[in-house]
Amino acid sequence: MSFWIIKTEPNTYSLEDLERDQTTCWDGVRNYQARNNLRLMKVHDLAMVYHSVGPKELVGIAQVTKSAYADPTDKTGSWSAVDVKFKKRLIKPVTLAQIKATPRLKDLKLVTQSRLSVALVSEAQWSILLAMAETN
DNA sequence: GCCAACGTTGGC
DNA sequence: GCCAACGTTGGC
């Protein structure tokens with residue numbers, strides 16, 4: 001079981017949209033490293049959803065329901081997508097500023113590789129983030 | 001809206 | 001295969 005952070009622009013597709021849809025195809029990733037991460041995702045893996053525009057913060061948790069398959073928005077056949085379902089909204093969103101102010105999170109990919117839209121999170125980092133969000 | 005950092009492309 | 005030029009992303 002792995003943990004991830006997946007980024008989205010809320011004006012394109014927000015956590016609220018996911019909550020309404022319940023399940024969605026997480027497509028449109030056009031970065032090789034992010035794609036490789038998508039392909040590593042397994043059913044039941046958990047991912048925190050990060051809003052990268054507006055308040056920059058982690059807002060909710062999604063769960064992988066289908067592992068990587070061909071991205072339907074891609075004609076070339078070289079990109080991948082996964083399916084995720086809405087799990088929960090964080091009681092307290094965790095802001096990028098908070099994360100940066102937390103020494104134990106200094107190695108979080110979200111900080112060190114800010115352009116990576118699908119990033120692995122260690123179990124330890126995941127626990128810290130959950131605690132900051134006051135949820136389990 | 002600007003700019004720095006990063007990724008990708010293309011010419012050699 | 002290298003590297004310069006270009007494009008894109010994301011934080012501020």
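The chains referred to below are lettered A, B, ... by the order of the sequence lines, with proteins before strands, and numbering in each begins at 1.
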* Asked: Reading DNA chain B 5' to 3', which nucleotide is the first, and which the last, to come under 4.0 Å of any heavy atom in chain A?
  ->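 Answer, 5' to 3': B/dA5 to B/dT8.
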
* Residues A/Asp21 and A/Thr24: side-chain donor-acceptor under 3.5 angstrom ->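 The answer is no; no qualifying pair exists.
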
* State whether a side-chain donor-acceptor pair under 3.5 Å links A/Gln98 with A/Glu57. =>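 No, A/Glu57 and A/Gln98 have no side-chain donor paired with an acceptor closer than 3.5 Å.
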
* To do: Grab the two heavy atoms, one from A/Leu129 and one from A/Val94, that are nearest each other, plus how far apart they are.
  =>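 Looking at all heavy atoms of both residues, the shortest contact is O-CG2, 3.9 Å.
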
* Asked: What is the minimum heavy-atom distance between A/Pro10 and A/Ser52, and which atoms define it?
  ->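 The answer is CD-N, 4.1 Å.
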
* Enumerate the residues from residues 94-103 of chain A whose closest heavy atom to DNA chain C is under 4.0 Å, giving them by residue number; use none for an empty result. =>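 Within residues 94-103 of chain A, the residues near DNA chain C are A/Leu96, A/Lys100.
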
* Asked: What are the residues of residues 110-117 of chain A, sorted by number, that bring a heavy atom to within less than 4.0 Å of DNA chain C?
  ->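 DNA chain C contact set from residues 110-117 of chain A: A/Ser114, A/Arg115.
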
* Asked: Is any NZ, NE, NH1 or NH2 atom of the basic residue among A/Arg35 and A/Asp71 found under 4.0 Å from an Asp or Glu carboxylate oxygen of the other?
  ->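 No.
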
* **Pairwise salt bridge (charged side-chain N to carboxylate O under 4.0 Å, His left out) hits with a residue in residues 106-129 of chain A, at least two apart** =>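 Sorted result for residues 106-129 of chain A: empty, none.
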
* Please identify each residue that fulfils side-chain hydrogen bond (donor to acceptor under 3.5 Å, both in side chains) with A/Asp27, with sequence neighbours left out. =>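 A/Asp27: no side-chain hydrogen bond (donor to acceptor under 3.5 Å, both in side chains) contacts found.
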
* **More than 12 heavy atoms from other groups under 6.0 Å of CZ on A/Arg39** =>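 Count over threshold, so yes.
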
* Asked: Rounded to the nearest 0.5 Å, what separation is found between the NZ atom of A/Lys87 and the CD atom of A/Gln22?
  ->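 It comes to 11.5 Å.
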
* Other hydrophobic cluster members with A/Trp4, side-chain heavy atoms of Ile/Leu/Val/Met/Phe/Trp/Tyr under 4.5 Å, chained? ->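 In the cluster with A/Trp4 are A/Ile6, A/Tyr13, A/Leu15, A/Leu18, A/Trp26, A/Val29, A/Leu38, A/Leu40, A/Met41, A/Val49, A/Val59, A/Val64, A/Val82, A/Val84, A/Phe86, A/Val118, A/Leu120.
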
